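Structure, as structure tokens:
We count residues from 1, following the sequence as given. Since this is a predicted model, take the numbers as computed values, not measurements.
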Amino acid sequence: MKEISFDEFYQLYQNEQLSLVDVREVEEFETLHLEGARNFPLSQLADTYKQLDKDQLYYVICKSGMRSARACQFLAEQGYEVTNVQGGMDALE
């Protein structure tokens with residue numbers, strides 16, 4: 001699985017238009033999220049992932065990097081190109 005540190009990701013995020021999937025629950029996402037992120041809670045991902053484009057690279061983020069790692073594993077198995085953001089939103093605070 002591809003991974004990137006939060007610091008490396010954030011530098012890219014500030015300079016490029018990235019496709020970002022936030023797999024935290026809706027309440028967590030509504031409290032704080034990065035602009036442009038799409039919310040696909042891990043608990044619902046098996047039902048919603050087909051809304052994503054297989055021709056796109058997605059950076060996947062959660063609170064600390066654990067849920068996003070699980071989401072990346074699942075999405076990669078479905079044929080998506082994904083990169084896990086290590087440290088997650090905790091690294092922002």
Side-chain angles (χ1 to χ4, degrees):
M1 170 188 354
K2 293 182 192 172
E3 295 190 305
I4 189 171
S5 72
F6 183 85
D7 291 340
E8 287 178 274
F9 159 76
Y10 200 68
Q11 279 190 318
L12 286 175
Y13 171 78
Q14 290 179 309
N15 297 306
E16 298 177 31
Q17 189 167 359
L18 305 177
S19 294
L20 180 60
V21 172
D22 190 320
V23 295
R24 295 174 301 148
E25 293 303 311
V26 173
E27 306 79 42
E28 295 173 280
F29 182 80
E30 288 176 349
T31 300
L32 173 70
H33 64 270
L34 294 172
E35 187 176 333
R38 295 173 62 190
N39 188 216
F40 284 81
L42 181 61
S43 63
Q44 302 167 26
L45 192 59
D47 298 323
T48 60
Y49 76 92
K50 290 182 181 175
Q51 297 173 36
L52 298 171
D53 181 352
K54 282 194 177 178
D55 295 328
Q56 190 110 21
L57 165 62
Y58 291 99
Y59 290 87
V60 184
I61 195 166
C62 66
K63 183 178 187 306
S64 66
M66 298 300 288
R67 284 178 282 179
S68 57
R70 293 204 328 253
C72 281
Q73 183 176 0
F74 171 78
L75 290 169
E77 289 170 0
Q78 309 311 313
Y80 290 86
E81 188 177 357
V82 290
T83 300
N84 183 37
V85 180
Q86 296 175 323
M89 293 298 290
D90 279 350
L92 183 65
E93 298 172 353

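- Other residues, nucleotides and ligands place no more than 12 heavy atoms under 6.0 Å from the CD atom of Gln11.
- Using a cut-off of 4.0 Å between Lys/Arg side-chain N and Asp/Glu carboxylate O, Lys2 and Glu81 are scored as salt-bridged.
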Take Phe9 and Leu20 through the side chain to side chain contact (heavy atoms under 4.5 Å, CB included) test and state the conclusion after the steps. CA-CA 10 Å; Phe9 159 76; Leu20 180 60; 3.8 Å; yes
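- Taking all atoms of both residues into account, the shortest heavy-atom contact from Glu25 to Ser43 is OE2-OG, 2.9 Å.
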What verdict does the side-chain hydrogen bond (donor to acceptor under 3.5 Å, both in side chains) test give for Ser19 and Gln56, after you've listed the backbone C-alpha separation in whole Å, the side-chain angles of each residue and the deciding distance to 0.1 Å? CA-CA 8 Å; Ser19 294; Gln56 190 110 21; 2.6 Å; yes
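- Phe74 and Tyr49 have perpendicular rings, their planes meeting at more than 60° on a 0 to 90° scale where under 30° would count as parallel.
- Grouping the Ile, Leu, Val, Met, Phe, Trp and Tyr side chains by contacts below 4.5 angstrom, directly or via other members, places Leu45 apart from Met66.
- Val82 places none of its side-chain heavy atoms less than 4.5 Å from the side chain of Tyr59.
- Here the closest heavy-atom approach between residue Val85 and residue Ser68 is recorded as O-OG, 4.0 Å.
- Scanning both residues, Arg67 and Cys62, for their nearest heavy atoms gives N-SG, 3.5 Å.
- Environment of CE in Met1: crowded, with over 12 heavy atoms of neighbouring residues, nucleotides or ligands closer than 6.0 Å.
- With hydrogens and angles ignored, the 3.5 Å screen pairs a side-chain donor or acceptor of Tyr58 with a backbone N or O of Asp53.
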Decide side chain to side chain contact (heavy atoms under 4.5 Å, CB included) for Leu57 and Thr83; before the verdict, give the C-alpha distance in whole Å, the side-chain angles of both, and the deciding distance to 0.1 Å. CA-CA 8 Å; Leu57 165 62; Thr83 300; 3.8 Å; yes
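- With rounding to the nearest 0.5 angstrom, the CZ atom of Arg70 is 5.0 Å from the CG atom of Leu42.
- Panel note: side chain Arg24, backbone Ile61; no donor-acceptor pair is recorded below 3.5 Å.
- Of all heavy-atom pairs spanning Tyr80 and Lys54, the tightest one is CE2-CG, 3.5 Å.
- Heavy atoms from other residues, nucleotides or ligands lying under 6.0 Å from CD of Glu77 number more than 12.
- Taking 4.5 Å as the limit, some side-chain heavy atom of Leu52 sits within range of a side-chain heavy atom of Val21.
- Distance check: His33 NE2 to Glu30 CD gives 9.0 Å after rounding to the nearest 0.5 Å.
- Proximity of Glu8 to Tyr13: side-chain heavy atoms (C-beta onward) are nowhere separated by under 4.5 Å.
- Asn84 places no side-chain N or O within 3.5 Å of a backbone atom of Cys72 that could act as its donor or acceptor partner.
- Once rounded to the nearest 0.5 Å, the distance linking CG of Leu12 with CD of Gln17 reads 13.0 Å.
- Met89 and Phe40 fall into different hydrophobic clusters, where Ile, Leu, Val, Met, Phe, Trp and Tyr are joined by side-chain heavy atoms under 4.5 Å apart, directly or via other members.
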